[in-house]
Chemist: 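Before we start, here is the structure in question, set down as structure tokens.
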Amino acid sequence: QVQLVESGGGLVQPGGSLRLSCATSGSIFTMISVNWYRQAPGKQRELVASLIADSSTNYADSVKDRFTISRDNAKKTGYLQMNSLKPEDTAVYYCNAIIRQTLWDIGRDYWGQGTQVTVSS
């Protein structure tokens, strides 16, 4: 019953900004990790950013100092702030989360359906 829904994608000019959201629904106790992936046309899906245990972050070299991953534990929502966007950032962005539905539950893997980000003049 857990679902992830991405939002915030769209068309922006180079140098612009977007804030992606990953909203969860269903029975959620905690998000062990929040991850953002992207898949550009003709390319394999790649990991963009990770937030593990609400403290440890990791970014792909191509987005360091431009993207910021965060989460709101009360809303059980993940975010990806994207600044100084480049045409090569154009891709479908996917939210991935490892979720525990109860305090004693094992973490399980969930995916959103993706949101399109297009960076073009």
Side-chain angles (χ1 to χ4, degrees):
Q1 293 181 322
V2 173
Q3 290 186 313
L4 275 59
V5 179
E6 301 97 336
S7 63
L11 174 64
V12 298
Q13 294 185 330
S17 298
L18 284 174
R19 183 177 176 86
L20 304 183
S21 297
C22 178
T24 64
S25 63
S27 181
I28 306 293
F29 174 70
T30 188
M31 302 170 72
I32 296 173
S33 68
V34 178
N35 312 287
W36 287 93
Y37 292 79
R38 69 185 181 187
Q39 187 166 17
K43 295 185 177 181
Q44 293 184 324
R45 185 169 56 188
E46 64 175 343
L47 179 63
V48 176
S50 297
L51 176 57
I52 304 171
D54 206 22
S55 61
S56 179
T57 60
N58 180 263
Y59 297 94
D61 289 340
S62 59
V63 307
K64 285 183 177 178
D65 302 320
R66 298 190 298 118
F67 291 11
T68 302
I69 188 170
S70 63
R71 64 195 292 175
D72 186 322
N73 290 327
K75 296 181 178 180
K76 296 181 172 59
T77 300
Y79 302 95
L80 183 68
Q81 178 67 46
M82 305 185 296
N83 299 324
S84 301
L85 284 163
K86 304 175 181 179
E88 49 263 44
D89 295 319
T90 296
V92 177
Y93 284 72
Y94 298 90
C95 177
N96 164 254
I98 309 300
I99 292 173
R100 294 167 64 187
Q101 296 190 67
T102 70
L103 176 64
W104 313 109
D105 194 17
I106 188 173
R108 291 181 171 85
D109 194 38
Y110 298 91
W111 288 85
Q113 292 185 318
T115 184
Q116 177 71 48
V117 172
T118 302
V119 185
S120 179
S121 299

Chemist: How far apart are the C-alpha atoms of Y59 and T68, what are their side-chain angles, what is the distance that settles it, and do they pass the side-chain contact (heavy atoms from CB on, under 4.5 Å) test?
Modeler: CA-CA 8 Å; Y59 297 94; T68 302; 3.9 Å; yes

Chemist: Would you say the side chain of M82 lies within less than 4.5 Å of the side chain of V117, judging by non-hydrogen atoms?
Modeler: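 Yes - at least one pair of side-chain heavy atoms lies under 4.5 Å apart.
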
Chemist: Can you tell me if Q39 has over 12 outside heavy atoms packed within less than 6.0 Å of its CD?
Modeler: yes

Chemist: Before giving the answer on side-chain contact (heavy atoms from CB on, under 4.5 Å), spell out for C22 and Y79 the whole-Å C-alpha distance, their side-chain angles and the decisive distance to 0.1 Å.
Modeler: CA-CA 6 Å; C22 178; Y79 302 95; over 6 Å; no

Chemist: Is any side-chain heavy atom of C95 closer than 4.5 Å to a side-chain heavy atom of W36?
Modeler: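 They are in contact (side-chain heavy atoms under 4.5 Å apart), so the answer is yes.
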
Chemist: Quick check on the hydrophobic clustering: are F29 and W104 connected, directly or via other members, by side-chain heavy-atom contacts under 4.5 Å?
Modeler: yes

Chemist: Please report the closest heavy-atom contact between V34 and I69, naming both atoms and the distance.
Modeler: O-CD1, 3.4 Å

Chemist: Please check if the number of heavy atoms outside E88 that lie under 6.0 Å from its CD is greater than 12.
Modeler: yes

Chemist: Which atom names give the shortest non-hydrogen contact between Q113 and Y94, and what distance separates them?
Modeler: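 Reported closest heavy-atom pair: O-CE2, 3.4 Å.
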
Chemist: Mind checking whether F67 and Y93 have parallel, tilted or perpendicular rings, split at 30° and 60°?
Modeler: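 Answer is tilted, since the angle falls between 30° and 60°.
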
Chemist: Shortest non-hydrogen contact from L4 to I99?
Modeler: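 Of all heavy-atom pairs spanning L4 and I99, the closest is CD1-CD1, 3.9 Å.
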
Chemist: Ignoring hydrogens and angles, tell me if any N or O in the side chain of T24 forms a donor-acceptor pair with the backbone of K76 under 3.5 Å.
Modeler: yes

Chemist: Under the rule for side-chain hydrogen bond (donor to acceptor under 3.5 Å, both in side chains), what residues qualify as partners of D61, not counting sequence neighbours?
Modeler: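 By the side-chain hydrogen bond (donor to acceptor under 3.5 Å, both in side chains) rule, D61 matches K64.
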
Chemist: Counting C-beta onward and ignoring hydrogens, is there a side-chain heavy-atom pair between R38 and E46 closer than 4.5 Å?
Modeler: yes

Chemist: About how many Å separate CE of M31 and OH of Y110, when rounded to the nearest 0.5 Å?
Modeler: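 So the gap between those two atoms works out to 11.5 Å.
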
Chemist: Is it the case that the side chain of N83 and the backbone of G16 share a donor-acceptor pair, with hydrogens and angles ignored and the cut-off at 3.5 Å?
Modeler: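 Answer holds: no.
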
Chemist: Looking at every heavy atom in both L80 and A49, which two are closest together, and how far apart are they?
Modeler: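 Where L80 meets A49 most closely, the heavy atoms are CD1-CB, 4.1 Å.
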
Chemist: For the backbone of G114 and the side chain of E6, can you confirm whether one donor and one acceptor N or O come within less than 3.5 Å of each other?
Modeler: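 Confirmed, E6 side chain pairs with G114 backbone.
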
Chemist: Evaluate the side-chain contact (heavy atoms from CB on, under 4.5 Å) criterion for residues V2 and R108: first the C-alpha distance (whole Å), next the side-chain angles of each, then the deciding distance (0.1 Å), finally the verdict.
Modeler: CA-CA 10 Å; V2 173; R108 291 181 171 85; over 6 Å; no

Chemist: Same cluster or not: V63 versus Y37, using hydrophobic residues (I, L, V, M, F, W, Y) connected whenever any side-chain heavy atoms lie under 4.5 Å apart?
Modeler: no

Chemist: Can you get from I98 to V48 by hopping between Ile, Leu, Val, Met, Phe, Trp and Tyr side chains that sit under 4.5 Å apart?
Modeler: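 As far as the 4.5 Å side-chain criterion goes, V48 and I98 are not connected within one cluster.
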
Chemist: Looking only at heavy atoms, which two atoms of A60 and L47 are closest? And how far apart?
Modeler: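 Shortest heavy-atom separation between A60 and L47 comes out as CB-O, 3.6 Å.
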
Chemist: Report the residues that fulfil side-chain hydrogen bond (donor to acceptor under 3.5 Å, both in side chains) with D72, sequence neighbours left out, ordered by chain and then residue number.
Modeler: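 Listed in chain order: nothing, the list is empty.
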
Chemist: If every non-hydrogen atom of S84 is compared with every non-hydrogen atom of S17, which pair is closest and at what distance?
Modeler: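 Nearest heavy atoms, S84 then S17: N-OG, 4.3 Å.
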
Chemist: At what distance, to the nearest 0.5 angstrom, does CG of N58 lie from OG of S33?
Modeler: 11.5 Å

Chemist: Starting from the C-alpha separation in whole Å, work towards a yes-or-no answer on side-chain contact (heavy atoms from CB on, under 4.5 Å) for Q116 and T90.
Modeler: CA-CA 8 Å; Q116 177 71 48; T90 296; 4.0 Å; yes

Chemist: Does N73 have more than 12 heavy atoms from other residues, nucleotides or ligands lying within 6.0 Å of its CG?
Modeler: yes

